**Student:** 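Sending over a structure as structure tokens; questions will come in a sec.
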Amino acid sequence: MTSTQTPQLPALRFLKGHGTENDFVIVPDAENAVDLPPAAVARLCDRRAGIGADGVLHVVRSAAHPEARHLAEEAEWFMDYRNADGSIAEMCGNGVRVFARYLEHAGLVTAGEVAVATRGGIKRVHLDKDGSVTVAMGRAALPDAGVTVTVDGRSWPARNVNMGNPHAVAFVEDLGHAGNLYTEPPYEPAAVYPDGVNIEFVVDRGPRHVAMRVHERGAAETRSCGTGACAVAVATARRDGTDPAETGTPVTYTVDVLGGTLVITEHPDGSVDMTGPAVIVAEGVLDPTWWAAARGIETVND
């Protein structure tokens with residue numbers, strides 16, 4: 001008899017979560033035993049042929065991952081974040097909130113303060129009992145070099161803000177001017193962002209209240225971007241003359257994204273806090289045959 005067999009692989013458990021509709025496939029893998037090649041990540045994130053997500057949160061003990069071992073004494077868990085195209089990213093603000101929510105969901109931490117290791121450094125997270133999650137995002141860097149972003153013949157100067165990953169923040173008259181954001185809007189000079197950039201388009205909604213759309217590198221337009229919302233708040237404070245380092249007073253901006261609302265506070269020492277929801281919506285096990293194919297492992301006949 002002829003049958004199709006799949007190499008004996010351990011069942012891959014996954015969860016699905018989102019933060020203001022920036023959604024993620026969560027792969028628990030405490031000992032860093034799961035191989036996640038870029039093509040397999042892209043298949044997981046495919047919204048028609050996979051589970052569908054803006055990225056993958058690979059949950060690994062810091063001590064078990066070569067990029068995070070040096071952080072293990074400060075943070076037990078490492079967020080090995082992957083973009084939807086399989087590329088590696090330094091940080092994801094919404095992802096950190098969902099990552100911390102997963103740790104709580106799995107009984108690995110309790111409500112309160114949690115340290116999470118990322119490629120962008122240690123992030124301090126507070127899990128509130130009301131369901132919201134606050135992340136201490138660190139300080140923004142504001143490189144002098146900016147770019148000009150162009151969409152459909154319109155151009156805007158974009159502020160260079162780094163939140164552990166690079167952002168270009170452009171203030172526009174209408175969010176529709178951002179175009180469809182299926183592809184990365186062109187910007188010059190390209191050399192300012194040698195590793196690519198997340199591009200935010202921002203409009204005013206009211207006093208200390210803005211709205212944004214974002215093209216995330218490696219994922220196209222997403223419903224939300226946590227580091228992007230932080231970058232937008234920082235850039236807006238500089239535009240508005242409310243830089244806390246100069247005023248000595250914290251400043252808070254409400255940032256509307258397509259998937260909801262984030263609240264961003266910058267303190268006089270430059271530290272930035274982000275507060276928003278984080279939800280686990282599903283969990284399950286991948287079909288072994290599908291997962292083998294996603295990883296490029298051929299089935300055999302006997």
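Along the sequence shown, residues carry numbers from 1. Remember, it's a predicted structure, so these values are computed and weren't measured experimentally.
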**Student:** Using a distance-only test with no angle check, is there a side-chain donor-acceptor pair under 3.5 angstrom linking His126 and Glu113?
**Tutor:** yes
**Student:** Is a salt bridge present between Glu200 and Arg159, judged by a nitrogen-to-oxygen distance below 4.0 Å?
**Tutor:**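 A salt bridge is absent here (no side-chain N lies under 4.0 Å from a carboxylate O).
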**Student:** Just how far is it from atom CZ of Arg238 to atom CD of Glu246, taken to the nearest 0.5 Å?
**Tutor:** 7.5 Å
**Student:** Between the main-chain N or O of Gly55 and the side-chain N or O of Arg82, is there a donor-acceptor pair closer than 3.5 Å?
**Tutor:**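 Judged by distance alone, no pair lies under 3.5 Å.
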**Student:** Against Asn94, only a single residue in Asp54, Thr20, Val257 fulfils side chain to side chain contact (heavy atoms under 4.5 Å, CB included); can you say which?
**Tutor:** Thr20
**Student:** Going through the distances and angles, do Arg223 and Glu216 end up as a salt bridge (charged side-chain N to carboxylate O under 4.0 Å, His left out)?
**Tutor:** CA-CA 10 Å; Arg223 300 284 294 173; Glu216 289 197 59; over 6 Å; no
**Student:** Heavy atoms, side chains only, cut-off 4.5 Å: are Asn32 and Pro66 in contact?
**Tutor:**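 SC-SC contact between Asn32 and Pro66 confirmed.
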**Student:** Is the cationic atom of Arg239 (NZ for Lys, CZ for Arg) positioned less than 6.0 Å from the six-membered ring centroid of Phe171 and within 45 degrees of its normal?
**Tutor:**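 Relative to the ring axis of Phe171, which defines the angle, Arg239 lies inside both limits.
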**Student:** Quick one: do Arg139 and Asp269 make a salt bridge, cutoff under 4.0 Å?
**Tutor:** yes
**Student:** Measuring only between side-chain heavy atoms, which start at C-beta, is Val214 closer than 4.5 Å to Phe201?
**Tutor:**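 Of all side-chain heavy-atom pairs linking Phe201 with Val214, none is under 4.5 Å.
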**Student:** Are the charged groups of Asp273 and Arg124 less than 4.0 angstrom apart, N to O?
**Tutor:** no
**Student:** Under the salt bridge (charged side-chain N to carboxylate O under 4.0 Å, His left out) rule, what do Arg47 and Asp23 come out as? Steps first, then yes or no, please.
**Tutor:** CA-CA 11 Å; Arg47 296 193 181 278; Asp23 61 338; 2.7 Å; yes
**Student:** Taking the side chain as every heavy atom from C-beta outward, state whether Lys16 and Ile26 have any pair of such atoms under 4.5 Å apart.
**Tutor:** no
**Student:** Working note: Glu67 + Arg119, criterion salt bridge (charged side-chain N to carboxylate O under 4.0 Å, His left out); need CA distance, chi angles, decisive distance, verdict.
**Tutor:** CA-CA 8 Å; Glu67 293 184 69; Arg119 291 184 177 88; 2.8 Å; yes
**Student:** Under 3.5 Å, is there a donor-acceptor pair between the Asp29 and His58 side chains?
**Tutor:**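 Distance-only check passes for Asp29 and His58.
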**Student:** Between the side chains of Asp240 and Thr242, does any donor sit under 3.5 Å from an acceptor?
**Tutor:** no
**Student:** Aromatic ring centroids of Tyr187 and Tyr193 under 6.0 Å?
**Tutor:**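 Between Tyr187 and Tyr193, the centre distance is under 6.0 Å.
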**Student:** Under 30°, 30 to 60°, or over 60°: which ring-plane class applies to Tyr81 and Phe24, parallel, tilted or perpendicular?
**Tutor:**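 Perpendicular: the ring planes of Tyr81 and Phe24 meet at over 60°.
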**Student:** Between Asn165 (side chain only) and Met91 (backbone N and O only), is there a donor and an acceptor less than 3.5 Å apart?
**Tutor:** yes
**Student:** Using a 4.5 Å cut-off on heavy atoms from C-beta on, say whether the side chain of Ile122 contacts that of Leu71.
**Tutor:**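 Answer yes - side chains close enough.
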**Student:** Indicate whether any N or O donor in one side chain lies under 3.5 Å from an N or O acceptor in the other, for Asp130 and Ser132.
**Tutor:** yes
**Student:** For Cys225 and His167, work out which heavy atoms get closest and say how close.
**Tutor:**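 In terms of heavy atoms, the two residues are closest at SG-CE1, 4.0 Å.
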**Student:** Can you confirm whether Tyr102 sits close enough to Pro28 that some side-chain heavy atom of one is under 4.5 Å from a side-chain heavy atom of the other?
**Tutor:** yes
**Student:** Is Arg13 salt-bridged to Glu283, going by a charged N under 4.0 Å from an acidic O?
**Tutor:** yes
**Student:** Answer with yes or no whether the side chains of Glu21 and Ser224 bring together a donor and an acceptor at under 3.5 Å.
**Tutor:**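 No donor-acceptor contact under 3.5 Å links the two side chains.
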**Student:** Indicate whether any N or O donor in one side chain lies under 3.5 Å from an N or O acceptor in the other, for Thr261 and Asp256.
**Tutor:** yes
**Student:** Does a side-chain N-to-carboxylate-O contact under 4.0 Å join Glu90 and Arg217?
**Tutor:** yes
